[in-house]
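Comments concern the structure below.
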Amino acid sequence: MAKKSQATWGGRFSKGPAELMLTFSESVSFDQRLASFDIAVNRAHTAMLRHVGLLSGKEMKAIHRGLKVVESKIANGKLKWKPSFEDVHMNIEQALTRIVPEAAKMHTARSRNDQVATDSRLFFKFATDTLVSHLERLQRSILNLAERNQTVYIPGYTHLQRAQPVSAAHHLLAYVEMFSRDIKRLETVYDDANWCPLGSGALAGTTLPIDREFTAKALGFVDARGRARVTRNSMDSVADRDLFLDFAHACGVCATHISRVAEDVILWNSSEFGFVDLPDAFCTGSSLMPQKKNPDSLELLRGKSGRIIGSLQALYTMVKGLPLTYNRDLQEDKVQVFDSFDQLALCVQVLDGTLSGMTFRSDRCQDAVSDPGLLATDLADWLVSEGVAFRDAHHVVGALVAKAESLGVPLDQVPQADAEAIHPKLSFDWRVVFDLERAMKAREGIGMPGPKQIRRQLNRWKRAYGV
Ligand code: ARG
């Protein structure tokens, strides 16, 4: 059944949209979360209209009073969001006009296209800020964990094969590096969002004498020196969705990092590794097997990364074929970034909670790292320092490993005669290398897992994150 013609744009229509079309096209069910930004935009826009003489002081004041009322109605859950008004912008305008007739002038010199672009930019500034503070909290937790585990050694892996020993702290500090780049990416999105598109109109600005810099300043779209930042092409301003892609990408990379951390910890927590104990608060049991304590938080973190990465893909697909400028397809953009934000915000906090309560089982770590094979490379390095070419040294140690395997003994237990038969330099005291402390102390170059280097990195990050 056709409805009465739409209140805001219905002038040229004799019939309203079909019920099905209303259900299909509404966005207020998901974009109502832009309400606080939309109200701020309304406030700034009407202040600007007053400033340039398109509204009287009285009209502006009435609108601002009305916006306060609508704002508190929304906060108290008293505003009835109507799908028939399509989106958050028209719902707010309609609610306002009902109590303040002057609000009929509010949409002067703007379009929902520049309005939604402005609301979205305010959302991105808020969302990146929020994610950065969650990530900074996570960084502090990882740093505390690393601080406590500087002398717990574990095997580092390549191809999921034990490769070389590292301290747990070194492994954890790799995560700190990853998340610090995620923070940087989010901060870049914040900075790129910090340009005001309001005044671009539907696509070609307006014939009315507006002051774009006034609105930009009122909404906080300013540079470090307080100068207004205003977008420079009205068509680009309403059509581009780079920010949506950039935000979704920043979230996607961060979610991917979280997923990899989760996978590490799932392995470490397995009975086979047994390197860590997880906090009960972030694990669940089995409905059938009473002995189980499953790392569900980490598995969900791994799983949710797929969803967050998927949002980026959805946005690319949505945007890539669109002619300039605005097309209604773009209404779907918010679904993706809201979900990326919500899920990532949860993921960062859950990882924080899980890692904060995690402890390393030093006995199990010690067992795993005591395999002298992990120091085979150190033995090759030792031969190099004895004047053997690295390629030869590699070969010699390879032969020694094969010997150990055939004799069924650890690498450092190959009988002296067998060792010397492989290479004369092995007549010297080659077994000194099979000492973890020595191996770690020998790695004090920048970025290596030597204890002094770890201390230096810890101090640097602790200063950066105020630990
Ligand atoms: N709800 C719309 C969106 O989010 C607002 C812009 C509507 N513009 C239009 N020309 N129909 O995309």
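Ligands are counted one by one from 1 in listed order, and the atoms in each one are counted from 1 as well. By convention here, the first residue in the shown sequence is residue 1. Remember, it's a predicted structure, so these values are computed and weren't measured experimentally.
Interface of Ser27 with ligand 1, defined as ligand atoms under 4.0 Å from a residue heavy atom, comprises 1 (N). Close contacts between ligand 1 and Val116 involve ligand atoms 4 (O) [criterion: under 4.0 Å to a heavy atom]. Near Lys334, meaning under 4.0 Å from one of its heavy atoms, ligand 1 places the atoms 3 (C), 4 (O), 12 (O). Numbered from 1 in the order shown, with element, the atoms of ligand 1 that lie under 4.0 Å from a heavy atom of Asp87 read 1 (N), 2 (C), 5 (C).
Scanning the protein for heavy atoms near atom 11 (N) of ligand 1, the closest one is Arg112 NH2, 3.7 Å. If you check which protein heavy atom lies closest to atom 8 (N) of ligand 1, you get Asn113 OD1, 2.9 Å.
At least one N or O atom of Tyr326 sits closer than 3.5 Å to an N or O atom of ligand 1.
Screening Phe247, Phe30, Phe123, Phe244 against Phe338 for a ring pair (Phe, Tyr, Trp, His ring centres under 6.0 Å) leaves a single residue, Phe123. Among the candidates Thr130, Asp191, Asn194, the single residue satisfying the side-chain hydrogen bond (donor to acceptor under 3.5 Å, both in side chains) test with Lys125 is Asn194.
Of the N and O atoms on the side chains of His257 and Arg260, not one donor lies less than 3.5 Å from an acceptor on the other residue. Side-chain contact, Asn91 with Lys82: no donor N or O sits under 3.5 Å from an acceptor N or O.
The aromatic rings of His171 and Trp268 lie perpendicular to each other, with more than 60° between the two planes, well past the 30° mark.
For NZ of Lys293, the number of neighbouring non-hydrogen atoms (other residues, nucleotides, ligands) closer than 6.0 Å is greater than 12.
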